[in-house]
Amino acid sequence: MDIVNQILLNEQKKAEKYKPITVDKHLDLEFDLGTLLAFDTNDVDSKLLKSNKDDYLHSLTRDNTQLLLNKIWELPTERIDEAIVVRLPQPTTVLPRAKPVPKPRPLTKWQEFAKAKGITKKKKDKLQWDEQLQKWVPLYGFRKAAAEKEKNWLIEVPQNVDPMTDMYEKKASEKSEKVAKNELQRLKNIARARKVKIPRVGLPVTSDKASATQLATAATVAKASTASLGKFQDKLPKEKEARGKGVHELIPGKERKRRAPIPTPQAERESNLNLLDSILNKRPKIDMEKAVAKHIHNEQVMRSEEKKNMKPSKGKRKGKGNATNFSAKKPKAGRGQRNPNKKTPGRKRR
Amino acid sequence: MKVLSEERTRILFEKLTKYIGVNVKLLIDRPDGTYCFREKKDRVYYISERLLQLAQTVKPDHLISAGTCFGKFTKTNKFRLHITALNYIAPYASYKIWVKPSAEQQFLYGHHVIKSGLGRITENTPKHQGVVIYTMSDIPIGFGVAARNTMECRHADPLATIAFHQADIGEYIRSEETLT
Amino acid sequence: MGRKAKFDETKKVKKGPGRKARKQQDPIFKKELLENDETKKLSHRQKQRAARRAKKKAELTEKRKALKQAKKNVAKQNEVVLKEASDDESGDENIQGFTDDNKEWLKPKQKIKNNVKEMSDQDSDSGHDEGSGSDNDEDLPKTGSSPEKYKVGTLDDLFQDSDMENGDVTSEDEGADSSLKMSYNSDSDEEEGKSDEDDDDGDDDMLPIEKANIKLKKKQKLEKKLADDEMQLNISKQDVFAFPTEEELQNPTSLQDVHQRIKDVVTVLSDFNRLKQEGRSRCEYTDLLLKDLCMYYSYNEFLMEVLMQIFPVQELVEFLEASEVARPVTIRTNSLKTRRRDLAQALINRGVNLDPVGKWSKVGLVVYSSTVPIGATPEYLAGHYILQGASSFLPVMALAPQENERILDMCAAPGGKASHIAAIMKNTGALFANDANKERTKAIVGNFHRLGVVNAVICNYDGRQFPDVIKGFDRVLLDAPCTGTGVIAKDPSVKTTKDQKDIQRCFNLQRQLLLAAIDCCNAKSSTGGYIVYSTCSILPEENEWVINYALKRRNVKLVPTGLDFGTEGFMKYRHHRFHPSLKLTRRFYPHTHNMDGFFVAKLKKFSNVIPEPVKDDDDEEAETTEVSGDQPNGNVESDVDSQQSEKKSVGVKRPATSTETEPQKKKNKAPTQKSTPTSSTVPTAVSSNNQIKKKKRKNKKNKPNANDGNKVPQTEQVQIGSINEKSDIKSPNINIQDKNNKQKNINDTGNKNSTETTLKSHTPLNDKLSNNSTALVVNKNVSLNPNQKNKNKKNKNKSSNGSSKSVAVVNKNELKITEKVEVNASRKLKKKLKKKNKQIGQISGKQGISRPEGKQNGINKKNKKIKSK
């Protein structure tokens, strides 16, 4: 009995030590089990909070945790590897991010263009059937190069190209050019997105890398960039003006060409006539169509003239009937002669 | 009033030879004084030397036109003949097309000349040859380019284009603003 | 086999760049290359400015809103008032169920609805449409039981009311007229509607054409009846023309009546003595005629007045009638491309009915009718002819261009006349076609190229600047811009839009243009040296007067135009007297020559020298008339003005023709000056004391020369004496001026030493001086008057220098008239006074010291001094 009582007593004591699992609240809590979150919307007892802060908070926390756990226990449980597991639902609360949302990536030039034109990307198959090789060849990447090699074991040199060119080399250089161009465009796109000043051609020249010619050009341009276009700028004893392609355009006021003096009327007339002669005497291109048309026309004229000439000698020919004299054409049995007064003309002519 | 550059003179003459062939020489080499081509605001004017001297007293801003406007250079540096050049082109034209009275209006509204409206055509007109269009009463009413040669014209169906419209005198009304 | 797609939703597909993209890093740019143009921060000042701008904008919008609101409110109020009025009238008409503020905007809608319903009701009645009928039945009780007829009435009332309110712009008569018309129209409409309904009701079995026939007959009958009535009325009226009463004038019945009245008045005026009503003056008749003509032909009064001065009444009516109908279309053959006979044949083939325009032109054709648009035939486009009024041939024919000449057309657009010139020249020589309007020069370009004119230079200058550009033309054509009173048929807006200002602006421009045209011409040209001036106006201000002006300013003379028809130009018009050679100009009228009203004058330049600009009475007159025209007389100031102008017009004649004695006599003969023919405005009979005095003073001045008897009462004589004294003092002043002007006259010295009487005679003597002295005379007159005033009023006048200043201050009108010349003269006067004239200097000193009361005494003393000398 003692033992039983003892045990009971112990149990009682133990039970007293734990608080009950049921908690009373005025308002139910709101839960977001996906993130194990519970919102307590009840009032805080300010009196208790002031008098006994720690204990109050402690008890409040425990109660709410109890409620949260109760809620978890309501979910369907599983037993995996001797452990009871609960599958939590999807979280509903959105947690604020620590960092700002990244901006959308600026469109590349092509993307912009495509957007403006309404061009959408067409999905291509990764594998393509190659008729020549009779097998599926990837569009790019692994095994593409091998397939290419297999395919182009021989490249024909086209008619219009120098027969001594190495077509393989040409192809390789084309490829590398393409890659370089792509790279350049990529860089340009990035520069554009970041608003970097870049020259129209080439990469920006920085002062530490500029060449002597570039510096000379810069000096020349700078000197000419005054209101009087550098007319009154002093010169160094051995200074040279920058020359070369593109320099001229950069110097302000230089692009104006000197106008030719107005020629005298006679001179102008002479020059005009000369020019006209050169135009008129230009060797004409052989226009096959025109030539054919002309030829046909000439033939027709000849034939009609022939006929005209033949008419008076008609009777004569009739009588002769010489074998050497007959024409290549089939005899028409009188139908070849034309008599406009006759009702039924011979062959219809268009 | 600028002197035409060599290049532009060449372009101009090449265009003119398409219509009047060697007769361009007659425009330059005239018995009644020297005539020349001058350029103003991309327009080309054909003007006698004497009148030009007088016209040069007028400031360029205030000068509207002098002599006869032949046409203009486009932005792509091609020369386009205006209808105003018809006065000089019509008498020298080597290839002509006459249109029937019924097709006159059609052409004057800026349409091409079609086979059904074709009255006469110069013998052996080649394809793409500049031609002057006349009415049957021999009034020049415009110019264009032959769409087919004389031979082909004979066999063409009635709605086929014979000459492409380039300029017609209806433009005096239709586009007075842009004549010069 | 292989990887499987994971369709389980718990597995998420990775977002973001793939492996490929991650491979390449972005390039690193140097800092200095980076451009940070992301919205520059505004400086403090900029911010402030921006804030201010925003504020201003907001204020502006608010204001606008407020204004709108106010307008709305006003409109609302008006509406409300109208509503209330109509409510009062209707009495029992009340629309229930609306609160007051709703009423405002709900009511008008209601009315329209009702109207529509009425219509639909009628429709439904005639059409027996059951559905719509039932709908209306349902609707009707809702809208209230107000009678429909009445509603129409109220709407009309509303309209009239508003009309009256807005009527401040239109005259009362017009308003009444329009309302009358409206009522008439509505009546007829109603009648027609009724008859229609009757027909519809009566004979359903008739064919539609029969119905139409019956309707037409009825209509004709009605019209005939009305016409008969009218005839009766007309006949009854024709017997005796009774001058209409005020009431009749206030409410004219119809345009027919007005027309009849015009006819009557014209007949009365043609035989005034016999047909006039007792106690009515000619003035009254002409006023009545003026008003009626204005109403009937819808001219403004100013223009009609001017026209009445040009034409006698009979001709005026003809002119007005002719101005209502368009002239026949005429075309000009382009002789560069074709001949008239060929063109006529070609056009006749196209179905155009035409005839030669007359013997006087070899290129003109009149088009009576045409089946094709005459401005778009292939012949037109090919440049065989140009549409041009017959009157436009005339100036070119007058110009008579020769081959190989250099000719200028100053106002060329759209190039009709200029191309005519080129055609006559046969494309030789050089033709300058100028126009001030750049847009219109395009028309010249088009026409010239179409017509094949190749000898032309087209430019865009203001004509007045043209002599600076190029001179030495053999012939110049100036078809000046004008008011267009000759081509009213083409542009009827002229009738109402032109006023004194417009005409003045026009003729000023025309004068300048004509002078420029003359300057452009080369007198030494072997073939030419001619200028042709033409306008499409018939006002002498724009024609003869302009020519007259040019005749004085440049070395030109009028020559016959070479046109054998047309009426001669005016030599006198109102108070103007033009050079007798103006007879050589030609005028053309729509009613006599069947072409647009036109004026052509041909001038020959005989010397390239530009004579010294002469200050002319003509110009001054122009200005004075302008001034006095603005102010109706009766005002004291304007009286002074008119006097001034009289003096000038009488005293200073045109140097070329005038004799000196004549004007003086005139002056003396007309002491009361009731009718001086040359004066621009006749002073009113009503005159203040001041005026009379002044006039008499003037008379006094003239007296010694003319040796007239003294009719002036003695009391005034004293005053005159004092005035004479004043003039004594003044005269040396004037003499000095004369010296300055280097017109050494014996009179000067004589005046200085002579007695009072000779001094008095100074004024007329001065008149004898040549042109330059005219300004002086004016100046003197001006300077005398204020002095007298000063004396009379005892104004504080500090010095005689000051007096000349005070001239400028006191008499502003006079200042206007004499303009610069006067200013110059006074300036010279001032200078010389200081240097030379000690006497006046003394006087001035005395005046400066002495008080205003003692001034007269001082002057008297001075007088004595002079006498003693």
Side-chain angles (χ1 to χ4, degrees), chain A residues 245 248-249 253-309 329 336 338 340 345-350, chain B residues 1-31 33-39 44 46-53 56 79 94-95 122-129 146 148-157:
Chain A
K245 213 176 173 187
H248 204 67
E249 285 92 72
K254 275 281 170 128
E255 66 268 26
R256 195 178 297 157
K257 278 176 197 162
R258 190 184 294 161
R259 207 177 287 165
I262 296 166
T264 60
Q266 282 73 28
E268 195 184 349
R269 208 189 74 182
E270 281 306 307
S271 68
N272 277 351
L273 283 175
N274 286 338
L275 187 64
L276 202 55
D277 278 337
S278 74
I279 291 169
L280 290 171
N281 295 339
K282 213 194 285 174
R283 214 175 57 143
K285 266 188 258 171
I286 295 171
D287 185 351
M288 288 306 284
E289 217 174 304
K290 196 175 170 184
V292 168
K294 206 165 189 179
H295 184 72
I296 291 170
H297 180 253
N298 281 344
E299 262 184 7
Q300 279 181 343
V301 170
M302 288 258 282
R303 217 177 293 155
S304 63
E305 270 178 11
E306 242 173 49
K307 265 178 193 165
K308 265 183 207 165
N309 295 337
K329 277 180 185 166
R338 293 194 137 206
R347 195 158 54 92
K348 190 182 177 188
R349 275 209 180 200
R350 260 180 286 168
Chain B
M1 286 278 168
K2 277 191 290 184
V3 180
L4 270 82
S5 67
E6 172 119 16
E7 187 200 356
R8 287 199 155 184
T9 316
R10 178 175 282 277
I11 295 169
L12 168 70
F13 285 165
E14 273 169 3
K15 188 69 156 189
L16 285 177
T17 47
K18 275 187 187 155
Y19 289 89
I20 55 178
V22 287
N23 291 335
V24 181
K25 272 186 184 171
L26 299 179
L27 285 181
I28 301 164
D29 214 0
R30 281 173 67 142
T34 46
Y35 277 69
C36 53
F37 290 96
R38 284 290 182 274
E39 175 190 13
V44 174
Y46 179 64
I47 186 173
S48 93
E49 199 68 47
R50 229 177 304 135
L51 193 60
L52 179 69
Q53 296 294 340
Q56 267 159 353
F79 185 72
S94 38
Y95 294 96
T122 312
E123 268 306 308
N124 65 50
T125 306
K127 209 172 184 175
H128 306 312
Q129 166 71 38
R148 30 191 96 212
N149 58 32
T150 312
M151 290 298 297
E152 283 172 333
C153 285
R154 295 210 176 121
H155 308 296
D157 63 305

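So you know, we letter chains A, B, ... as the sequences are listed, proteins then strands, and number each from 1. Note that this is a predicted model, so its numbers are computed, not measured.
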Notebook entry, point to check: Considering only heavy atoms, which portion of B:Thr17 lies under 4.5 Å from any heavy atom of chain A: side chain, backbone, both, or neither?
Noted result: side chain

Next item on the list: Taking all heavy atoms of B:Ala146 and all of B:Pro126, pick out the closest pair and write down the distance.
Entry: CB-O, 3.7 Å

Next item on the list: For each of B:Glu123, B:Lys25, B:Glu152, tally heavy-atom pairs with chain A at distances under 4.5 Å, and name the one with the top tally.
Entry: B:Lys25

Check: Would you call the rings of B:Phe37 and B:Tyr46 parallel, tilted or perpendicular if under 30° counts as parallel and over 60° as perpendicular?
Finding: tilted

Note to self: Can you tell me which portion of B:Val24 sits under 4.5 Å from chain A's heavy atoms? Options are side chain, backbone, both or neither.
What the structure shows: both

Next item on the list: Measure A:Gln300 against the heavy atoms of chain B and call it side chain, backbone, both or neither at under 4.5 Å.
Entry: side chain

Notebook entry, point to check: Is the number of heavy atoms from other residues, nucleotides or ligands within 6.0 Å of CD (B:Glu6) greater than 12?
Noted result: no

Notebook entry, point to check: What part of B:Glu14 gets closer than 4.5 Å to chain A, counting heavy atoms only: side chain, backbone, both or neither?
Noted result: both

Notebook entry, point to check: Between B:Arg38 and A:Glu268, is the closest basic N to carboxylate O distance under 4.0 Å?
Noted result: yes

Margin query: Counting heavy-atom pairs closer than 4.5 Å to chain A, which one of B:Thr34, B:Leu52, B:Asp29 comes out on top?
Written below: B:Asp29

Notebook entry, point to check: Judged by atom type as modelled, is there a donor-acceptor pair below 3.5 Å linking the side chain of B:Thr150 to the main-chain atoms of B:Thr125?
Noted result: yes

Checklist line | Engaged part of A:Ser271 at the chain B interface, taking heavy atoms whose separation is under 4.5 Å | finding: neither

Notebook entry, point to check: Any sub-3.5 Å donor-acceptor pair from B:Glu39's side-chain atoms to B:Met1's backbone N or O?
Noted result: no

